[in-house]
Amino acid sequence: MKAMHATNNQKKTHKPKWNKRKRNEALWGLLFVSPFIIGFIGFMFLPMVFSFIGSFTNYNITSRMDFIGFDNFRRMFTNDQLFLTSLYNTVFYVILNVPLTTAGGVFLAVLLNRNIRGITIFRTIFYLPAILSGVAVYVLWMQLLSPSSGLINTVLSWVGIAGPSWLFDPNWTKPALILMRLWSVGGAMLLYLATLQNVPNQLYESAEVDGAGPFRKLRHITLPLITPIIFYDVITSTIGAFQIFQEAYVMTENGTGGPANSLLFYNLHMWNKAFVAFDMGYAMAMSLVLFAIVIVLTFINLKLAPRWVHY
Amino acid sequence: MKSKRSNQLIKHSLLLGSTVLLLAACGNGDDNSSSESASDGNDGRTTLEFWSFWGSGARRETIEAIIEDYNASQDAVTVEHVYQPWGDIWTKSLAAIAGGNAPDVIVQDINSVKQRAEANQATNIQEYLDADDISGDFYPQLWDTVLYEDEAYALPFNTDTQVLFYNKTAFEEAGLDPETPPATWDELEEMARVLDQGSGDSWEQIGFYPRWNIGADVWALNADGGNAWFDNSGEVAINTPEKVEALEWMLEWQDYYGRDTINQYEAEFGSGVSDPFISGLVSMRGQNINYYTNLVENAPDDFEFGVAPLPEKEEGSGNWSWGGGFVLEVPANTDHPEESYDFMKYLSSTEVQEEFGMNSFDIMANAEANENLKEHPDLDEMGQMIYELADSNLEVTTITPVPLNAPDFSSLVNTEIDAAFLGQKTAQEALDDAQESVENLAQ
């Protein structure tokens with residue numbers, strides 16, 4: 001009773017005025033973010049809820065949507081061998097692609113973080129592939145990767161290596177895609193470069209005084225100080241790598257998944273289920289499983305972060 | 001005080017505005033009477049939206065001329081042609097159907113009509129056919145594709161069939177009779193060996209390789225009396241002895257030229273820089289008969305080629321071939337199905353089909369149109385011959401509509417076939433495994 005009195009009193013004395021102003025501000029704030037909120041609710045949140053509900057149905061977009069419980073999930077693991085193939089392909093790609101592109105980005109950034117003449121030109125050159133995107137790049141790479149006349153195998157043959165058939169050999173299709181991704185590592189490089197330039201110079205100077213060589217400086221100063229960005233990059237590129245779709249869709253005939261289904265990635269299989277078989281409920285269930293996988297991985301990443309990320 | 005009020009006014013109107021926007025965005029087109037969808041125009045004509053993927057060249061010009069004629073021929077309907085890119089048209093139409101603002105008529109894939117009928121994406125047009133049955137105008141196997149539970153959901157528009165193209169000059173140079181193309185698989189192999197020039201990794205001329213431009217499924221079907229992976233009665237028939245033999249036969253070809261050679265050339269063809277048939281590297285190739293247009297446009301004038309049915313496995317087994325094609329369909333829940341059907345019927349009529357075929361060299365679904373094109377005065381001898389061959393080839397052409405119980409089965413079969421070509425499985429093992437996994441899927 002006493003407490004209530006107090007609050008009532010407060011309201012009566014100074015809070016109302018402050019409250020009104022604050023409410024007004026909040027309203028204005030909400031008003032200005034409303035395009036995003038509305039967009040988020042309309043185009044992200046509601047579709048996500050719908051997709052979640054749809055995972056438990058036999059939804060086919062146009063005529064049916066009956067609740068079928070966990071049947072879609074059961075089919076995934078018992079009746080659909082391509083589901084496991086696609087999951088394997090995707091995980092294979094993620095496991096190779098994420099560390100390689102991260103390491104590649106850091107490596108390039110360290111190389112390009114030097115004060116030599118014309119460094120901006122090098123930076124531009126290495127960044128260029130990152131601004132090219134989409135189908136044009138894939139078609140370009142299909143030519144580069146051509147087994148006999150492609151540039152890559154031609155160069156390999158100069159040093160006496162008989163290059164593989166790349167996109168025609170199921171053992172080499174995924175490495176070929178990873179190679180292609182490495183080529184456009186410039187985006188991550190730029191991120192690291194910006195961070196590297198923030199590493200205080202006096203740390204290096206004092207390390208030099210203590211007799212540290214370039215490798216030790218890299219290992220004990222540079223890398224620890226950019227771990228937050230590495231962490232960010234690992235998380236986002238893991239999520240991105242799980243979503244691989246376009247490359248496989250464009251570089252295999254009609255999105256069929258390439259030789260021996262070696263490029264049938266998770267999202268490609270999902271797309272085929274949704275738009276070829278009209279099995280949208282199943283595709284939604286697949287997306288839910290992928291969502292769960294990514295969430296769990298991200299969670300593990302977050303838990304492991306304190307062991308190696310230095311803030 | 002005044003500013004506060006106006007502040008509030010702005011705020012409220014902004015909120016109201018954004019709410020309206022949201023509602024508008026969320027509305028799923030329930031009110032079909034909105035001006036955007038087809039409706040009565042100013043002049044009292046109904047406007048029909050017609051989607052096709054014929055965006056350039058002869059097909060676009062022809063279809064637009066045909067539509068213009070149609071619009072001029074009557075005063076109830078105006079058809080508007082909307083071009084949608086090949087890669088987008090069907091996903092876009094699916095979204096449009098789900099959203100309730102589908103076009104009135106659309107060019108669709110012939111193999112998935114039943115699938116769309118089952119999923120209620122297409123309008124049943126049986127009532128118009130009951131009134132005026134035009135089903136006999138089309139090749140029977142094409143008509144079969146548009147029936148779902150014995151009722152029609154589309155009209156066939158065009159089709160194709162796979163045949164053998166061969167380089168007459170190469171035949172002559174190798175001492176073969178340019179007027180006698182191979183009739184059986186054995187002859188094909190003998191002639192290819194005669195035409196071959198080179199060995200190991202380097203070839204100046206490759207007689208024939210069965211899997212270039214034709215799928216393994218087509219040779220399997222050719223061997224098995226026209227029965228595809230799902231046979232003519234709808235049963236899974238993948239590991240039949242004939243199909244296993246066909247796969248073994250294809251594997252022999254791969255062994256002969258070597259997998260690396262095949263991969264290398266395939267990658268080069270894929271880049272589309274030069275056509276290996278026109279350049280003379282490949283002397284015979286199986287291909288859709290429509291490839292003729294390509295040759296007319298791109299081959300040098302002195303390039304002499306012949307066209308023949310696909311060779312049969314052995315004498316009497318039949319020159320079975322495979323074809324696809326497109327249909328005209330009224331998407332579900334559109335406002336003017338009757339007018340749409342009338343337009344579709346016009347597009348399927350003999351004269352219009354003839355005109356379209358004449359200009360595009362497509363093989364038309366209307367049998368009479370193809371027959372007329374065989375003797376069409378505006379076509380040269382070769383062009384007439386193409387239609388003659390197409391017309392007779394359609395008697396042994398199987399169309400393979402997507403089976404409703406396993407619409408995406410083909411990736412399962414392809415995996416196994418790839419495994420065979422990679423040497424991981426024998427032909428028998430690969431097709432046995434494919435049989436099992438497709439049966440499993442089709443359950």
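Quick note on labels: first sequence line is chain A, next is B, and so on, each numbered from 1.
Both the backbone and the side chain of A:S146 come within contact range of chain B, judged by heavy atoms closer than 4.5 Å. For B:N440, the parts lying under 4.5 angstrom from a heavy atom of chain A are both the backbone and the side chain.
Listed options A:G258, A:G150, A:P170, A:S262 were ranked by heavy-atom pairs under 4.5 angstrom with chain B; first place goes to A:P170. In terms of heavy-atom pairs under 4.5 angstrom with chain A, the leader among B:A119, B:S112, B:G87, B:A419 is B:A119. Per-residue counts of heavy-atom pairs under 4.5 Å with chain A were compared for B:N120, B:L94, B:N263; the largest is that of B:N263. When the candidates B:L441, B:L412, B:N414 are compared by the number of heavy-atom contacts under 4.5 Å with chain A, B:L412 comes out ahead.
Within 6.0 Å of CD in B:E436 there are 12 or fewer heavy atoms belonging to other residues, nucleotides or ligands.
In terms of the salt bridge (Lys or Arg N to Asp or Glu O under 4.0 Å) criterion, B:E118 has no residue partners (sequence neighbours excluded).
Taking the six-membered ring for Trp and thresholds of 30 and 60 degrees, B:W90 and B:W86 have ring planes more than 60 degrees apart, a perpendicular arrangement. Below 30°, between 30° and 60°, or above 60°: for A:F275 and A:W271 the angle between ring planes is between 30° and 60°, a tilted geometry.
A side-chain donor from one of B:D432 and B:N239 sits under 3.5 Å from a side-chain acceptor of the other.
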